[in-house]
Amino acid sequence: MVTDSSHARVVVAAPASGQGKTTVVTGLLGALRRRGTGVAPFKVGPDYIDPGYHRLAAGRPARNLDPVLVGEERIAPLFRHGAADAELSVVEGVMGLFDGRIGPGEGIAAGSTAHVAQLLDAPVVLVVDARGQSHSLAALLHGFRSYRPEVRIGGVILNRVGSQRHEQVLRDAADNAGLPVLGAIPRADDLAVPSRHLGLVTAAEHGGEAVRAVEAMTEVVARSVDLDAVCALARSAPGLPGAAWNPRDEVQPQAGAVVAVAGGRAFTFGYAEHVELLEAAGAEVAVLDPLHDERLPERTAGLVLPGGFPEQHVAELSANTALRKEIRAFAATGAPIHAECGGLLYLAEELDGHPLCGVLDARARMSPRLTLGYRDAVAAADSVLFEEGARVSGHEFHRTVLEPGSGSRPAWLWRATGAQREGFVDGGVHASYLHTHPAGQPEAVRRFVARCAR
């Protein structure tokens with residue numbers, strides 16, 4: 001068995017979105033765990049949804065690797081931190097192998113799966129949806145291998161294969177392209193995970209159905225993929241130098257304070273490193289479920305409202321009037337509140353006519369338009385998180401629109417189609433659509449906890 005967690009690793013990529021990466025990765029994690037291999041899950045990019053299924057399959061937290069949000073230099077240390085005590089790590093890519101942040105330049109796109117594979121010096125398995133193709137697979141694989149030879153593609157997993165004859169033709173095509181086939185997964189409608197306007201339904205919301213979906217993915221991958229060949233490819237990765245990321249090296253502990261962090265089915269978008277940094281800075285983290293809890297935890301000095309899908313649970317959130325009133329009163333004292341995306345909506349006056357906390361002078365509504373992309377932002381004002389002028393890289397991902405009242409101070413400034421003002425800074429509140437990764441901004445966590453400790 002492999003004992004060096006920084007060594008055995010494989011990146012699972014695809015030519016494009018929708019090829020079946022999440023099915024394959026979730027199934028791999030479950031199948032490897034079932035046979036006794038300690039496996040660590042990772043996801044490229046800012047995605048919060050896939051890691052929930054990874055966690056169910058692997059039995060340990062899944063972590064995001066996003067060089068745009070945290071910087072290239074932190075990817076290997078964060079990987080080593082997340083892979084501690086595991087025998088093998090599986091990294092799910094994002095979109096197509098070479099798809100990343102859109103911008104000038106001729107190199108590999110920042111934040112792409114290929115970018116992370118390079119930073120980890122990890123071999124890549126390409127998952128290909130085989131529907132509607134046969135011999136053309138050879139040209140596709142040849143193109144991906146030769147486009148950037150420094151990205152080492154070590155094998156292919158065929159997905160949605162129609163028949164034994166179809167599989168043999170595809171295997172011959174892959175052989176012509178010089179790539180081994182590590183598995184062939186048949187078409188199966190029961191492997192689908194429910195989706196909605198921002199992607200898959202989160203595992204936390206899907207409950208028992210999520211567990212059954214993970215079990216189904218595990219079963220089909222265990223039957224259809226050569227796990228020994230995948231492990232051998234993972235073990236072919238060279239040693240990864242450097243130390244693991246440690247939250248205690250990023251922030252200095254200070255006077256303790258209780259920080260309530262919203263969770264439950266409505267607020268599932270968070271990074272594991274956020275809680276680790278809060279605790280390293282001296283905070284006592286208490287989980288709050290706004291769907292059920294009617295009071296803030298005792299001695300709460302600060303509140304974190306992460307993203308999620310409050311719009312799917314808005315009637316229940318609105319019905320919890322006791323907690324809404326308590327949060328509004330808490331904000332009126334000037335207490336520190338950090339709200340991102342879904343948390344921002346929860347602090348608004350209402351969402352599509354449903355009354356919410358009313359901390360912010362703003363109303364929200366669902367929109368048919370998806371707002372999506374990385375942003376290079378500048379803090380527009382001093383806040384509980386940032387000094388005015390601080391620069392961050394963040395990510396937007398929502399289908400809602402907020403209509404602010406007059407006189408509100410923005411949290412961020414950035415250039416989009418002109419100068420963009422976004423978010424709110426009001427007293428102790430910092431609320432915004434922009435997601436940031438705390439590992440990329442540890443000073444913001446230290447500043448927040450210090451404010452809480454006052």
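Values reported hereafter were calculated over all heavy atoms of this structure, with side chains retained and with hydrogens, waters and symmetry mates removed. Residues: numbered from 1 along the sequence shown. A quick note: this is a predicted structure, and the numbers were derived from the prediction, not measured.
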Report the distance from atom OG1 of Thr218 to atom CZ of Arg223, rounding to the nearest 0.5 Å.
-> 11.0 Å
Taking the side chain as C-beta and beyond, is there a heavy-atom pair between Leu360 and Pro404 under 4.5 Å?
-> no
Write out all pairs satisfying side-chain hydrogen bond (donor to acceptor under 3.5 Å, both in side chains) with one or both partners inside residues 377-392, taking only residues at least two apart or from two chains.
-> none
Is there a donor-acceptor pair closer than 3.5 Å between any side-chain N or O of Asn64 and the backbone N or O of Tyr271?
-> no
Using 4.0 Å as the upper bound for N to carboxylate O, is an ion pair formed by Arg34 and Glu219?
-> yes
Counting only heavy atoms not in Glu298, do more than 12 fall under 6.0 Å of its CD?
-> no
Will you find, in the side chains of Tyr374 and Asp66, an N or O donor that is under 3.5 Å from an N or O acceptor?
-> yes
Should Ile49 and Phe269 be marked as a side-chain contact (heavy atoms from CB on, under 4.5 Å) after you check the CA-CA gap, both sets of side-chain angles, and the distance that decides it?
-> CA-CA 8 Å; Ile49 300 175; Phe269 292 5; 4.0 Å; yes
Output for pair (Thr321 OG1, Leu356 CG), nearest 0.5 Å, gives 12.0 Å
One should read off an interatomic distance between Leu317 CG and Leu323 CG, to the nearest 0.5 angstrom, of 9.0 Å
Looking only at non-hydrogen atoms, find the nearest pair between Gly100 and Met95 and report the distance.
-> N-CE, 4.3 Å
Taking the side chain as every heavy atom from C-beta outward, state whether Ile108 and Glu150 have any atom pair closer than 4.5 Å.
-> yes
Side-chain (Ser318) to main-chain (Pro355) donor-acceptor, under 3.5 angstrom = yes
Where is the tightest heavy-atom contact between Met366 and Thr400, given as atom of each residue plus distance?
-> SD-CG2, 3.4 Å
Taking all heavy atoms of Val258 and all of Ala286, pick out the closest pair and write down the distance.
-> CG1-CB, 4.2 Å
Atom pair CG/CG of Leu291 and Asn320 - distance to nearest 0.5 Å | 8.0 Å
Could you tell me whether a side-chain N or O of Lys43 sits under 3.5 Å from a main-chain N or O of Gly93, the two making a donor and an acceptor?
-> yes
Which distance, rounded to the nearest 0.5 Å, do you find between the CG of Leu402 and the SG of Cys341?
-> 10.5 Å
Check: Val304 and Phe448 side chains under 4.5 Å, non-hydrogen atoms = yes
With the threshold set at 4.0 Å, does a side-chain nitrogen-carboxylate oxygen contact exist between Glu311 and Arg399?
-> no
For Ser236 and Leu233, indicate whether the former's side chain and the latter's backbone hold a donor-acceptor pair under 3.5 Å.
-> yes
Side-chain touch Arg9/Asp121, heavy atoms, less than 4.5 angstrom = yes
If we only count heavy atoms from C-beta on, is the Pro306 to Phe267 side-chain gap below 4.5 Å?
-> yes
Flag the pair Val127 / Thr23 as yes when at least one side-chain heavy-atom distance between them is below 4.5 Å, and no otherwise.
-> no
What do the steps show when you test Leu120 against Leu65 for side-chain contact (heavy atoms from CB on, under 4.5 Å), and what is the final call?
-> CA-CA 10 Å; Leu120 296 179; Leu65 299 172; 3.9 Å; yes
Distance in Å, Arg363 CZ paired with Glu350 CD, rounded so as to fall on 0.5 Å steps = 5.0 Å
For Glu403, side chain to side chain contact (heavy atoms under 4.5 Å, CB included) partners two or more places apart = Arg365
Assess whether atom CD of Gln254 is packed by more than 12 heavy atoms of other residues, nucleotides or ligands within 6.0 Å.
-> yes
Just jot down the side chain to side chain contact (heavy atoms under 4.5 Å, CB included) partners of Asp293, sequence neighbours excluded, or say none.
-> Leu288, Asp289
Quiz: residues 436-444 side-chain donor-acceptor pairs under 3.5 angstrom, not counting sequence neighbours:
from, atom 1, to, atom 2, distance (Å)
Thr436, OG1, Glu340, OE2, 3.3
His437, ND1, Ala439, N, 3.1
Glu443, OE1, Arg446, NE, 3.1
Glu443, OE2, Arg446, NE, 3.0
Glu443, OE2, Arg446, NH2, 2.7

For Ala237, does its backbone N or O pair with a side-chain atom of His7 as donor and acceptor, under 3.5 Å?
-> yes
Any side-chain heavy atom of Glu87 sitting closer than 4.5 Å to one from Val39?
-> no
Just do the side-chain contact (heavy atoms from CB on, under 4.5 Å) check on Thr113 and Lys21 with the steps written out, would you?
-> CA-CA 12 Å; Thr113 305; Lys21 294 190 303 295; 5.9 Å; no
Side chains of Ser224 and Ile157 in contact at under 4.5 Å (non-hydrogen atoms) = no
Mind telling me whether His430 and Trp412 have parallel, tilted or perpendicular rings, with 30° and 60° as the class edges?
-> perpendicular
What closest approach, in Å, do Ala411 and Ala431 show between heavy atoms, and which atom pair accounts for it?
-> CB-O, 4.1 Å
Sorted by chain and residue number, the side chain to side chain contact (heavy atoms under 4.5 Å, CB included) partners of Ala76 (sequence neighbours excluded) come out as Leu240
Phe330 and Leu303 have their tightest heavy-atom pair at CE2-CB, 4.0 Å
Taken in chain and number order and not counting sequence neighbours, the residues that satisfy side chain to side chain contact (heavy atoms under 4.5 Å, CB included) with Glu396 are Thr371, Arg375, His398, Trp414, Tyr433, Leu434
From CA spacing to verdict: side-chain contact (heavy atoms from CB on, under 4.5 Å), Ile327, Leu347 = CA-CA 9 Å; Ile327 289 175; Leu347 293 182; 4.0 Å; yes
What pair of heavy atoms forms the shortest contact from Gly18 to Asp129, and how long is it?
-> O-OD2, 4.1 Å
Can a salt bridge be assigned to the pair Arg74 and Glu273 using a cut-off of 4.0 Å between side-chain N and carboxylate O?
-> no
Indicate whether any N or O donor in one side chain lies under 3.5 Å from an N or O acceptor in the other, for Ser393 and Asp376.
-> yes
